[in-house]
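Quick notes on the structure that follows.
Source: prediction; values computed, not measured. As a basis for the values below, the full set of heavy atoms in this structure was taken, side chains included, without hydrogen atoms, waters or symmetry mates.
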Amino acid sequence: MRPPIERPADITATVDRLAQGMDRSVLAFPLTPFDQDGAVDLKAFEAHLEHQLAASPGALFVACGTGEYFSLDLDELEALVAVAVRVADGRVPVVAGAGHGTALASASVRAAEQAGADAILLLPPYLVNGPQSGLVEHTRRVCAATRLPVIAYQRSQVSFTPESLTELSAIPNLVGVKDGHADLDQMQRLVLAAPAGFLFFNGVPTAELQARSYSAIGVEAYSSAIHAVAPEISHTFHSALGRGDDTLVDRLLNEFFVPWVQLRDRGVGYAVSLVKAATQARADELGYEVGPVRPPLAQPAPEHLTEANELIAKGLDLVR
């Protein structure tokens, strides 16, 4: 790991808050509730955020993958971030999603900054594959559109080399990488190439399955889609992992997380739609509705949702 890079004081302060949150708790990726007409339901979103915050996550990543960033317009993004900032009220950092091509991603970060976000998660650009030089330049231009700290999300067609990371980490407000590849050889090389204080976290779908492996290369933090539907399960696992309770970790993996991944892999888009449908199924218990997903996602098959609900109930029984 290289020596730390000097950054502006305000960026350093936010990075410190993010690092503290990552050290103490799992990272939450809230859903975006839609009503039956497909409109964003900000009242339900507020209730969902309160439910998420009650479990004390390390940060809120709003309007990102689980929050269906890809289906939102700029006004909706700004409104969601503004609600999250108000509800969080400084308790945890609020990180907003941005993505698509350079122009739209830059517009998104400006909207998120206007709404009061603390930082940005830059999702992969839409559709095209680019060389490392193009990925670096895309990231550089989006970072130039905001004063906020930016975390780059590598997955799908985005995979940074150590040489690219060295270039990226010199950008004053590019402060971290979320990894969605689970290529631990590559991740170890990135960790070694990064400056001290650079943020990394495990962002593979159902990251709990990979948490031990990432920890072994120095990446302790991870995001949790399960937090959106059942934060009780997510936090119990995180706590057990942190204190080295291998018996409980193995039980939760064997009886909940592995079956969940097996079910998730049976449908296209289930990493989001299955979580959202299972959360909607808990509406009476939670006191709010999150509604359906937006196209091109679709509701899970009824039999798969039944299995998901049974798994959530089993997982909750395991941690209560």
Side-chain angles (χ1 to χ4, degrees), residues 4-23 27-30 32 49 53 57-67 69-70 72-125 135-154 158 160 165 167-179 194-195 197-201 203 221 223:
I5 292 177
E6 290 191 15
R7 304 192 188 279
D10 57 340
I11 291 176
T12 299
T14 301
V15 170
D16 287 346
R17 287 186 67 211
L18 285 166
Q20 291 165 11
M22 290 178 180
D23 283 345
L27 304 174
F29 280 63
T32 296
L49 290 175
L53 287 165
L60 291 175
F61 283 71
V62 175
C64 295
T66 309
Y69 167 83
F70 45 83
L72 302 172
D73 66 30
L74 288 176
D75 289 340
E76 291 171 332
L77 171 69
E78 186 169 346
L80 288 162
V81 174
V83 169
V85 169
R86 174 173 57 79
V87 173
D89 193 26
R91 286 179 280 178
V92 297
V94 174
V95 184
H100 302 304
T102 306
L104 283 175
S106 298
S108 294
V109 300
R110 287 191 288 267
E113 183 172 351
Q114 176 68 27
D118 295 297
I120 300 294
L121 179 66
L122 178 57
L123 282 69
L135 296 176
V136 169
E137 185 60 23
H138 166 75
T139 306
R140 190 188 311 279
R141 293 188 185 191
V142 176
C143 287
T146 180
R147 297 170 297 174
L148 298 178
V150 177
I151 298 169
Y153 187 7
Q154 63 163 22
V158 175
F160 298 117
L165 185 70
E167 287 189 67
L168 290 169
S169 63
I171 300 171
N173 59 332
L174 196 285
V175 302
V177 166
K178 175 185 178 182
D179 178 61
F198 198 77
L199 303 176
F200 289 98
F201 68 95
S223 59

Note to self: Tell me whether the count of non-hydrogen atoms from other residues, nucleotides or ligands lying under 6.0 Å of CZ in R91 goes above 12.
What the structure shows: yes
| message | For E137, I'd like to know if atom CD has over 12 heavy atoms of other residues, nucleotides or ligands within 6.0 Å. | response | yes
To the nearest 0.5 angstrom, please state how far the [atom1] atom of [X] sits from the [atom2] atom of [Y].
X: T139; Y: Q154; atom1: OG1; atom2: CD; answer: 10.5 Å
X: L60; Y: L53; atom1: CG; atom2: CG; answer: 4.5 Å
X: I120; Y: L174; atom1: CD1; atom2: CG; answer: 12.0 Å
X: I151; Y: L123; atom1: CD1; atom2: CG; answer: 11.5 Å

Mind listing the closest non-hydrogen atom pair of [X] and [Y] along with its distance?
X: C64; Y: L121; value: SG-CD2, 3.8 Å
X: S106; Y: V142; value: OG-CA, 3.8 Å
X: A111; Y: L74; value: CB-O, 4.4 Å

Under 3.5 Å: donor-acceptor pair, side chain of [X], backbone of [Y]:
X: R7; Y: T12; result: no
X: N173; Y: V150; result: no
X: Q20; Y: R17; result: no

For [X], all residues meeting side chain to side chain donor-acceptor pair (under 3.5 Å), sequence neighbours excluded:
X: T102; answer: H138
X: R86; answer: E46
X: T146; answer: E113
X: D118; answer: none

Just so I know, are the side chains of V87 and V94 near enough to count as touching, which here means a heavy-atom distance under 4.5 Å?
no
Any side-chain heavy-atom pair from L199 and V177 closer than 4.5 angstrom?
-> no
Residues passing the ring-ring contact (aromatic ring centres under 6.0 Å, His included) test with F29, sequence neighbours excluded, are F61
Sorted by chain and number, sequence neighbours left out, ring-ring contact (aromatic ring centres under 6.0 Å, His included) with F160 holds for none
Between Y69 and S108, a side-chain donor and acceptor under 3.5 Å: yes
